[in-house]
Every structure is written in structure tokens, then in C-alpha cells.
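Following: one structure in C-alpha cells, then a few remarks.
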Amino acid sequence: MSFYDKVYSVVVKIPKGRVATYGQIAAILGSPRAARAVGYALHFNPSPKVIPCHRVVNRFGSLAPKFAFGGLDAQKSLLEDEGVEVNDYIVDLNKFGLREFLN
DNA sequence: TATTTGACGATTT
DNA sequence: CAAATCGCCAAAT
């Protein structure tokens with residue numbers, strides 16, 4: 001079980017209609033500062049079908065604009081389809097962020 | 001063991 | 001939350 005595998009596990013556990021930040025995931029894994037490693041883990045993305053990368057966002061609530069898995073438009077559609085309110089590719093973490101939901 | 005790199009985070013400017 | 005900088009962590013070589 002590598003660090004990345006844990007990341008995948010957590011990402012998959014993200015409830016539909018919610019988004020998690022890299023930092024939050026890192027915190028859940030036990031390393032609040034390992035957000036970078038988390039992002040990189042998703043970068044590997046071994047199973048795009050199982051891993052909802054679109055639910056993983058940075059601290060602002062926006063998906064990485066640089067490495068968009070297939071286009072920000074697709075991501076926006078996916079999130080909206082799950083009930084997540086998306087404004088200009090930005091999600092309201094105060095409403096849809098995991099915060100203390102997991103743990 | 002050391003160096004490099006990278007879907008980040010926080011602070012500063 | 002624009003752009004630059006530093007810091008942190010984990011993996012690959």
C-alpha cells in the first residue's frame with residue numbers, strides 16, 4: 001500500500017456532490033503538507049474510471065487549470081451533474097468541500 | 001544517500 | 001484571489 005494508493009482510496013470515497021482539496025486529502029492521509037504528493041498521485045491516475053479526479057480540487061476549489069484531465073468544460077459538466085454548484089470553474093468549498101465530513 | 005521534480009499550500013508583494 | 005517565492009512531502013533515478 002503506497003502513499004498514492006491511499007490517495008486513490010480517499011478520492012474514491014469522496015461522496016457524490018462534494019469535492020475535496022489536495023490539502024484535505026493529504027491531511028486525511030496523515031501529512032497535511034503533502035498536498036503536492038497527493039496531486040502527483042492523481043497525476044498518475046491509474047484508473048480514470050474509478051478515480052473521480054474532477055472531485056479533487058486545489059485550495060480555491062478549482063481543478064488544476066493546467067493539467068485538466070480532458071478539459072475544464074468536461075469537469076464542470078461532471079460536477080454540475082453531481083449537484084455541485086460551479087461558478088466559472090470554481091466550486092464553493094464552503095458548501096461542497098468535505099471539511100469535517102470524512103474523518 | 002543525494003538530486004530532481006511536481007494535478008499544492010501559505011505568505012508576501 | 002494575480003504573480004512570485006519559499007516550504008513541504010513523496011517518488012523516481
Side-chain angles (χ1 to χ4, degrees):
Chain A
M1 204 51 149
S2 302
F3 180 85
Y4 291 176
D5 293 320
K6 296 181 188 175
V7 175
Y8 307 141
S9 299
V10 175
V11 174
V12 171
K13 286 167 59 178
I14 299 173
K16 186 177 182 182
R18 291 229 175 55
V19 295
T21 66
Y22 296 102
Q24 180 64 58
I25 294 171
I28 294 171
L29 294 177
S31 301
R33 308 300 178 197
R36 310 180 66 167
V38 174
Y40 207 51
L42 288 167
H43 159 95
F44 282 78
N45 200 358
S47 305
K49 306 160 68 85
V50 183
I51 302 177
C53 309
H54 57 276
R55 288 188 200 148
V56 185
V57 298
N58 58 23
R59 66 179 184 281
F60 289 117
S62 61
L63 187 77
K66 326 161 163 193
F67 275 81
F69 54 98
L72 295 176
D73 296 315
Q75 191 242 3
K76 187 166 91 74
S77 298
L78 286 168
L79 291 176
E80 288 181 338
D81 184 63
E82 294 184 352
V84 178
E85 183 180 350
V86 181
N87 293 319
D88 192 24
Y89 307 110
I90 305 298
V91 179
D92 187 348
L93 292 177
N94 296 309
K95 286 176 169 284
F96 304 101
L98 293 183
R99 293 180 158 255
E100 313 110 21
F101 187 83
L102 286 179
N103 295 330

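Residue numbers start from 1 in every chain, and the chains themselves are labelled A, B, ... in the order their sequence lines are given, proteins ahead of strands.
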In this structure, how many angstroms lie between the [atom2] atom of [N] and the [atom1] atom of [X], rounded?
| X | N | atom1 | atom2 | result |
| --- | --- | --- | --- | --- |
| Phe44(A) | dA7(B) | CZ | C1' | 11 Å |
| Asn58(A) | dA10(B) | CG | P | 10 Å |
| Ile28(A) | dC8(B) | CD1 | P | 18 Å |
| Lys6(A) | dA11(C) | NZ | C1' | 14 Å |
| Ile25(A) | dC9(C) | CD1 | P | 18 Å |
| Tyr89(A) | dA7(B) | OH | C1' | 18 Å |
| Phe3(A) | dC8(B) | CZ | P | 14 Å |
| Tyr22(A) | dA10(B) | OH | C1' | 17 Å |

- Task: Kindly say if Ser31(A) contacts the phosphate of dC8(C), meaning a side-chain N or O under 4.0 Å from OP1 or OP2.
- Result: no
- Item | Pairing partner of dC1(C) (Watson-Crick or G-U wobble, both distances under 3.5 Å) | none
- salt_bridge(Glu82(A), Arg55(A)) N-O dist < 4.0 Å: yes
- Query: Is Tyr40(A) touching bases, backbone alone, or none of the nucleic acid, heavy atoms closer than 4.0 Å?
  - Reply: sugar-phosphate
- So what does Phe60(A) touch, heavy atoms closer than 4.0 Å: a base, only the sugar-phosphate, or nothing? base
When you measure from the side chain of [X], which nucleotide among [options] comes out closest?
| X | options | value |
| --- | --- | --- |
| Tyr4(A) | dA10(C), dC8(C), dC8(B) | dA10(C) |
| Ile90(A) | dA10(C), dC8(B), dC1(C) | dC1(C) |
| Arg33(A) | dA11(C), dA7(B), dA10(B) | dA10(B) |
| Cys53(A) | dC8(B), dC8(C), dA7(B) | dA7(B) |

- Can a donor-acceptor pair under 3.5 Å be found between the side-chain atoms of Arg36(A) and the base atoms of dG6(B)? yes
- Message: Can you say whether a donor on the side chain of Arg59(A) sits under 3.5 Å from an acceptor on the base of dC8(B), or the other way round?
- Response: no
- Message: If we count only N and O atoms by modelled type, under 3.5 Å, do the side chains of Asp5(A) and Ser9(A) hold a donor and an acceptor together?
- Response: no
- Compare every heavy atom of Val7(A) with every heavy atom of Ile25(A), then report the nearest pair and how far apart it is. CG2-CG1, 4.3 Å
- Query: In terms of the angle between their ring planes, are Tyr4(A) and Tyr40(A) parallel, tilted or perpendicular, with boundaries placed at 30° and 60°?
  - Reply: perpendicular
- What do you reckon, is CD of Glu80(A) surrounded by more than 12 foreign heavy atoms closer than 6.0 Å? yes
